[in-house]
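This report refers to the structure that appears directly beneath it.
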Amino acid sequence: MRNVAILAVLLGLLIYPATASAHAAPPACTLPTPSTTQPGYTVADPNCDVDGTPFVPVAGSAVYTGILNGAAYRLEKPSGWNGELVVFAHGYRGDGKVVFVSNPSLRAHYLARGFAWAASSYQTNGYDVGQGVRDSYALIDLFKTRTGHRARDVYMAGESMGGHITAVAIEHYPRAFVGAMPVCGVLGDAELFDYFLDANLTAAALTGVKVPFPADPAAYEALVRQELPKLDGRWADVVEQRSGGTRPGFDQAFAFWSALPSIPPLTTVPFLFGLYPGLTGGTENIADGNVTSNRFTIYQEDASPWLTRDELRLNRDVLRVDRTARPSRDLTGIPKVEGRPPVPTLSMHTIGDLFVPISMEQVYAQRARANGVSQRFVSRAVRALGHCEFTQPELQRGFDDLVTWVRGGHRPGGDAILDPRVVADPRFGCRYTVSDRPNFGAAC
């Protein structure tokens with residue numbers, strides 16, 4: 001679900017030839033082949049990245065590629081394998097009809113530490129979390145089939161939508177994994193779409209522009225054009241409170257995201273406006289009904305629980321939308337995240353992310369606390385503006401601490417993301433930020 005990935009959106013078992021070795025010639029790239037399971041889809045060659053770069057082994061590792069039931073996959077096992085496997089789930093890739101597999105950000109680190117890894121393209125694109133869970137889980141048995149060795153322990157990791165997949169996978173298959181690392185993840189399931197709804201309907205209410213739900217995509221851009229000149233700092237304040245609360249770096253984050261064009265086809269409006277759930281029926285076209293609602297939402301412009309006259313007026317004027325469907329308890333539609341991690345789960349989120357905001361971490365932490373399993377969840381904040389904008393040292397530290405937790409039972413440190421005073425502290429996020437980002441604001 002990285003910005004670049006979004007803007008660049010471009011049976012049985014079918015196995016590509018033999019395992020590649022470190023000394024083999026780079027594979028020749030082939031054209032996408034028709035999917036055997038999803039009509040209208042094609043599957044990109046797993047031996048090559050979409051830019052034509054061949055997928056080759058690292059430092060003597062063995063790589064295995066192929067297509068399993070319409071999903072491309074990659075497996076890589078280091079020469080000094082420690083018997084453990086990381087299953088990696090990628091993020092949202094738009095609604096295109098070509099699926100492709102890619103490497104995890106921590107590929108080199110996994111291999112250096114002796115971990116094998118596996119990744120799937122999934123059979124579908126779109127916000128199809130259930131399919132991502134099924135195809136990712138299938139990699140565990142596939143790893144044994146292709147390598148001849150069953151992994152002793154399996155970790156689940158994912159970014160963005162892959163974080164949603166990770167959270168659902170460990171709950172759906174609780175005995176399959178020993179640890180999980182979702183980063184920049186949609187850990188609040190449909191509450192992400194509630195946030196998109198809130199941002200757009202409060203902009204309409206504050207400017208007096210009548211934006212309906214559902215909205216006609218052909219007329220929507222003109223409505224946004226009416227809103228933009230009338231928006232002021234009050235809307236930014238509302239977005240701040242709905243995306244995680246008062247916190248450092250928000251002014252820079254709001255400016256950063258407001259300057260970005262939205263996703264196709266609404267690339268002529270600021271980022272958040274193109275995410276309005278009223279344009280897709282409220283389920284990202286993955287199921288019938290509307291899973292978004294603001295019926296009981298109280299909008300605020302600051303951290304005070306007492307509503308000002310302006311806040312009362314906003315809550316009176318905003319269009320209220322009620323859901324007609326809810327997140328599913330299986331792998332259909334938008335799967336629900338219960339917040340019951342059965343294994344140690346270490347998550348990371350950037351403070352300035354306004355695509356998948358840090359409020360998703362707070363939702364998950366609240367659910368885990370309500371379920372009495374807070375001890376199995378650790379959340380870390382990183383001072384950056386972008387979506388999934390982590391450095392390698394930040395990700396490596398997180399993964400290493402998760403592994404130590406799983407092996408030794410000692411819960412690592414994290415940030416108190418449910419304490420508003422901690423979140424609002426000017427140094428919030430400094431503890432786990434390895435590299436200062438100049439565009440974030442004050443350095444640690």
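Quantities reported herein were computed from a predicted structural model and do not represent experimental measurements.
Using cut-offs of 30° and 60° for the angle between ring planes, the His90 and Tyr122 rings count as parallel. The aromatic rings of Tyr92 and Tyr127 lie tilted to each other, with the angle between the two planes from 30° to 60°.
Looking only at distances, a side-chain donor or acceptor of His164 sits under 3.5 Å from a matching main-chain atom of Pro335. Side-chain N or O atoms of Gln123 include none that pairs as donor or acceptor with a backbone N or O of Gly132 at under 3.5 Å. The backbone N or O of Pro32 lies less than 3.5 Å from no partner atom in the side chain of Thr42, so there is not a single donor-acceptor pair. Distance alone, capped at 3.5 Å, is enough to place a donor-acceptor pair between the Asp216 side chain and the Ala218 backbone. Side-chain atoms of Thr166 come within 3.5 Å of backbone N or O of Gly158 as a donor-acceptor pair. No donor-acceptor pair closer than 3.5 Å links the side chain of Glu191 to the backbone N or O of Gly188. Thr345 places a side-chain N or O within 3.5 Å of a backbone atom of Val343 that can act as its donor or acceptor partner. The closest donor-acceptor contact from the side chain of Asp436 to the backbone of Ala443 lies at 3.5 Å or more, if one exists at all. Ser262 places a side-chain N or O within 3.5 Å of a backbone atom of Gly274 that can act as its donor or acceptor partner. Using a distance-only test at 3.5 Å, with no hydrogens or angles considered, a donor-acceptor pair links the side chain of Thr202 to the main chain of Ala199.
Leu142 CG to Ser120 OG: the interatomic distance, rounded to the nearest 0.5 Å, is 9.5 Å. To the nearest 0.5 Å, atoms OG (Ser379) and CG (Leu187) are separated by 8.0 Å. Arg383 CZ to Ser435 OG: the interatomic distance, rounded to the nearest 0.5 Å, is 13.0 Å. Here OG1 of Thr391 is found 6.5 Å from CG of Leu395. Values are rounded to the nearest 0.5 Å. Taking CD1 of Ile358 as the reference point, atom CE of Met348 lies at 11.0 Å (rounded to 0.5 Å). Atom SG of residue Cys184 and atom CZ of residue Phe355 lie 10.5 Å apart, to the nearest 0.5 angstrom.
For the 3.5 Å distance criterion, the side chains of Gln38 and Thr124 fail to qualify, holding no donor opposite an acceptor. In this structure, a donor-acceptor pair under 3.5 Å is absent between the side chains of Asp302 and Ser304. Remark: the Ser105 side chain and the Gln392 side chain contain no N/O donor-acceptor pair separated by less than 3.5 Å. When only modelled atom types and interatomic distance are considered, Ser359 and Gln362 share no side-chain donor-acceptor pair under 3.5 Å. Side-chain N/O atoms of Arg247 and Ser243 include a donor and acceptor closer than 3.5 Å. For the residue pair Thr30 and Asp45, a side-chain donor N or O sits within less than 3.5 Å of a side-chain acceptor on the partner. In summary, the side chains of Thr65 and Asn47 do present a donor paired with an acceptor at a separation below 3.5 Å, with no hydrogens or angles considered. With 3.5 Å as the limit, one finds no donor-acceptor pair spanning the side chains of Asp330 and His172. No donor-acceptor contact under 3.5 angstrom links the side chains of Asn371 and Glu338, judged on distance only. Using modelled atom types, one finds a donor on one side chain and an acceptor on the other under 3.5 Å when comparing Arg134 with Gln131.
Other residues, nucleotides and ligands place more than 12 heavy atoms under 6.0 Å from the CZ atom of Arg320. No more than 12 heavy-atom neighbours from other residues, nucleotides or ligands sit within 6.0 angstrom of CG on Asp288. Crowding of Arg397 atom CZ: a count of heavy atoms from other residues, nucleotides or ligands under 6.0 Å exceeding 12.
For the pair Arg74 and Phe55, the cation sits on the ring face: its NZ or CZ lies under 6.0 Å from the ring centre, inside 45° of the axis.
Between Asp194 and Arg295, no side-chain nitrogen of the basic residue sits less than 4.0 Å from a carboxylate oxygen of the acidic one, so the salt-bridge criterion is not met. With salt bridges taken as basic N to acidic carboxylate O contacts below 4.0 Å, one links Arg234 and Glu301. With salt bridges taken as basic N to acidic carboxylate O contacts below 4.0 Å, one links Asp310 and Arg313. Using a 4.0 Å cut-off between charged nitrogen and carboxylate oxygen, Arg380 and Asp401 count as a salt-bridge pair. Checked for salt-bridge contact, Glu84 and Arg113 miss the test: no charged N lies under 4.0 Å from a carboxylate O. Ion pairing between a basic and an acidic side chain is recognised when a charged N comes within 4.0 Å of a carboxylate O; Glu361 and Arg367 show no such pairing.
Between Phe250 and Trp257, the ring centre distance reaches or exceeds 6.0 Å. Ring to ring, Tyr155 and Phe177 are not that close: their centroids are 6.0 angstrom or more apart.
For the pair Pro104/Val86, no side-chain contact is recorded, criterion being any heavy-atom separation below 4.5 Å from C-beta on. Ser328 is not listed as a side-chain neighbour of Ile334, based on a closest heavy-atom distance of 4.5 Å or more.
Contacts of Phe377 classified as ring pair (Phe, Tyr, Trp, His ring centres under 6.0 Å), with partners at least two apart in sequence or in another chain: Tyr364. Arg421 is linked by a salt bridge (charged side-chain N to carboxylate O under 4.0 Å, His left out) to Asp419, counting only residues two or more places apart in sequence or in another chain.
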task = In sequence, state the C-alpha distance, the side-chain angles, and the governing distance for Tyr73 and Trp117, and then conclude on ring pair (Phe, Tyr, Trp, His ring centres under 6.0 Å).
result = CA-CA 11 Å; Tyr73 67 83; Trp117 63 268; over 10 Å; no

request  = Check the pair Glu221 / Thr268 against side chain to side chain donor-acceptor pair (under 3.5 Å), numbers first and verdict last.
outcome  = CA-CA 8 Å; Glu221 183 179 345; Thr268 60; 2.7 Å; yes

inquiry  = As a quick check of understanding, evaluate side chain to side chain donor-acceptor pair (under 3.5 Å) for Tyr432 and Asp415, giving each step before the final call.
reply    = CA-CA 9 Å; Tyr432 299 103; Asp415 287 303; 5.9 Å; no

query = Would Gln241 and Thr246 count as a side chain to side chain donor-acceptor pair (under 3.5 Å) if you check the C-alpha gap in whole Å, the side-chain angles of each, and the deciding distance to 0.1 Å?
reply = CA-CA 6 Å; Gln241 297 308 312; Thr246 304; 3.0 Å; yes

query = For Ser102 and Arg107, what are the C-alpha separation, side-chain angles and deciding distance, and is it a side chain to side chain donor-acceptor pair (under 3.5 Å)?
reply = CA-CA 10 Å; Ser102 56; Arg107 176 191 183 188; over 6 Å; no

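Summarising the geometry of Lys97 relative to Gly40, their closest heavy-atom pair is CB-O, 3.5 Å, with the distance given to 0.1 Å. Taking every heavy atom of both residues into account, Val423 and Ile417 meet most closely at CG2-O, 3.5 Å. Of all non-hydrogen atoms in Phe100 and Val50, the two that sit nearest each other are CG-CG1, 3.4 Å. What you find for Leu319 and Asn294 is that their closest heavy atoms are O-ND2, 2.9 Å. Counting all heavy atoms, side chain and backbone alike, Asp353 lies closest to Cys388 at OD2-N, 4.4 Å. The minimum heavy-atom distance between Asn290 and Asp322, with the atom names listed, is ND2-O, 3.3 Å.
For the ring-ring contact (aromatic ring centres under 6.0 Å, His included) with Tyr276, the qualifying choice from Tyr195, Phe193, Tyr220 is Tyr220, the only one to do so.
Among pairs with a residue in residues 302-349, none fulfils ring-ring contact (aromatic ring centres under 6.0 Å, His included), at least two apart in sequence or across chains.
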